[in-house]
Amino acid sequence: MLAYRDGNAGAFETLYTRHRGRLYRFVLRSVKARGVAEELFQEVWMRVIEARERYAPQARFTTWLYTIAHNLLTDHWRKKGLTLVELDEDVHAAAPDDPARSAEARQALSRFAAALDALPPLQRQAFLMHEEGGLSIAEIAAATGANEEAAKSRLRYAMARLKSAVDDG
Amino acid sequence: MADERDPKVSRSYREMGSEEPPRELDDAILAASRRAISRKRSWYAPVALAATLVLVVAVTVQVERRKPEEERVAKAPEQPKPMNAPAQVQQERQFTPEPPPSREPPAPSAKSAAPVPVPVPAPAPQAAEPPRELAKSNEQAAGARSDAARDSASPAPAMRREARQMESKVETPEAALERIAELRKQGKQEEADKALAEFRRRYPGYVLSDEMKAKVERK
């Protein structure tokens, strides 16, 4: 990123190639609509390009990239009237709050995908950041603006539910 | 990094597939990244060029401003010294550093235009300088005066000048012999004897040729 900031266009291409697939899947599996995912994915990279002059390597580039993505997803959900609230285990144990979306997911994805889809957004983000981005708990906390305990808790709940879905299969 | 991954969960997740962004999206993003860089470069080149030009002009002006000063310093010793020039003018001239005579450059054309020394009140120092000097700024003149003041603090220039004057007064042996011969020719035998005695006292080891002896010794 520093090389790109200093005018090396090839450095951006290297970064993009390294992160494009993982970030795309992270966004796609967070919003579940391909059109919206592409729009948000592009917006993430536009923010990276625009912010190149201000970029300071205070954290891993990956953490910075997923922070931008998280912020855009949060804005997206807010615009759609969805709130990012923590759901306790009992609430999650019930069926997903959007039957239509769940049905679409069930048709397109496997049982696991349905379980992933059913995760509360923050838990799903924590899982996707960990699985796709390779972020540690501390980095997930930094990217989502939460403390490490909250990040760890979200990830643990997500893992438990997904494992349960796998085991049930 | 604490890895919370569960192998079964990870495998199941991978089985979901690995979607990639469409190629058009890749192209659009990469093109945007290149455009951003080229925008940055579009102002960089003109600014760099302008900075270079400013530097070149500044250096040229500085060199041009220093040239007259150096020329004035080099020419100063060649200026005729008026007999009754004001003391201040003489003092300023004394402070002017003199270049070694053997290294003096060939006299420029302006030298031939220098005023012939006549016993009239000396013109102002600036008037004796070439016209180019007249265009010199007050700042440079002040700088020259401060240089002169610095020289006055050091006795070296004055001592060098005195030594040169002494040298010019000292007669070479050949010149002295010629003078003695002339005195003999004019019949001034007493003066010639004194001069010859003084010559022998001054140059005890000087060997006179027979021809010269015939000219300078009393017959």
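In this text, all values refer to a predicted model and were calculated from it rather than measured experimentally. Within every chain, numbering begins at 1; the chains are lettered A, B, ... in the order of the sequence lines, protein sequences first and strands thereafter.
A donor-acceptor pair shorter than 3.5 Å can be found between the side chains of B:Tyr13 and A:Arg29.
Of the candidates B:Ile29, B:Leu30, B:Leu25, B:Asp26, B:Ile29 is the only one forming a side-chain contact (heavy atoms from CB on, under 4.5 Å) with A:Trp45.
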Item to complete: Check the pair A:Arg22, B:Glu20 against salt bridge (charged side-chain N to carboxylate O under 4.0 Å, His left out), reporting the backbone distance first and the verdict last.
Response: CA-CA 8 Å; A:Arg22 291 171 176 272; B:Glu20 298 275 327; over 6 Å; no
Practice prompt. Using the side-chain contact (heavy atoms from CB on, under 4.5 Å) rule, take B:Ile37 and A:Tyr4 through it: C-alpha gap first, then chi angles, then the decisive distance, then the call.
Written response: CA-CA 8 Å; B:Ile37 291 293; A:Tyr4 176 59; 3.4 Å; yes
Worksheet item: Given B:Glu15 and A:Phe112, is the side-chain contact (heavy atoms from CB on, under 4.5 Å) satisfied, shown in steps?
Response: CA-CA 9 Å; B:Glu15 283 171 1; A:Phe112 181 86; over 6 Å; no
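Between the side chain of A:Arg52 and the backbone N or O of B:Ser33 there is no donor-acceptor pair closer than 3.5 Å.
In this structure, CD1 in A:Ile49 is found 8.0 Å from CZ in B:Arg35, a value given to the nearest 0.5 Å. The structure places NE2 of A:His130 at 7.5 Å from OG of B:Ser10, a figure rounded to the nearest 0.5 Å.
Neither the backbone nor the side chain of A:Leu23 comes within contact range of chain B; no heavy atom of the residue lies under 4.5 Å from a heavy atom of that chain. With a 4.5 Å cut-off on non-hydrogen atoms, B:Arg14 touches chain A through its side chain but not through its backbone. Residue A:Ile140 does not touch chain B at all, counting heavy-atom pairs closer than 4.5 Å. For a residue to count as touching a neighbouring chain, one of its non-hydrogen atoms must lie under 4.5 Å from one of that chain's; by this rule A:Leu28 touches chain B with the side chain only.
Options B:Ala28, B:Pro22, B:Pro21 differ in how many heavy-atom pairs under 4.5 Å they form with chain A, and the most are formed by B:Pro21.
Atom CD of B:Glu174 has more than 12 neighbouring heavy atoms from other residues, nucleotides or ligands inside a 6.0 Å radius. Heavy-atom neighbours of A:Gln42 CD from other residues, nucleotides or ligands within 6.0 Å: above the threshold of 12.
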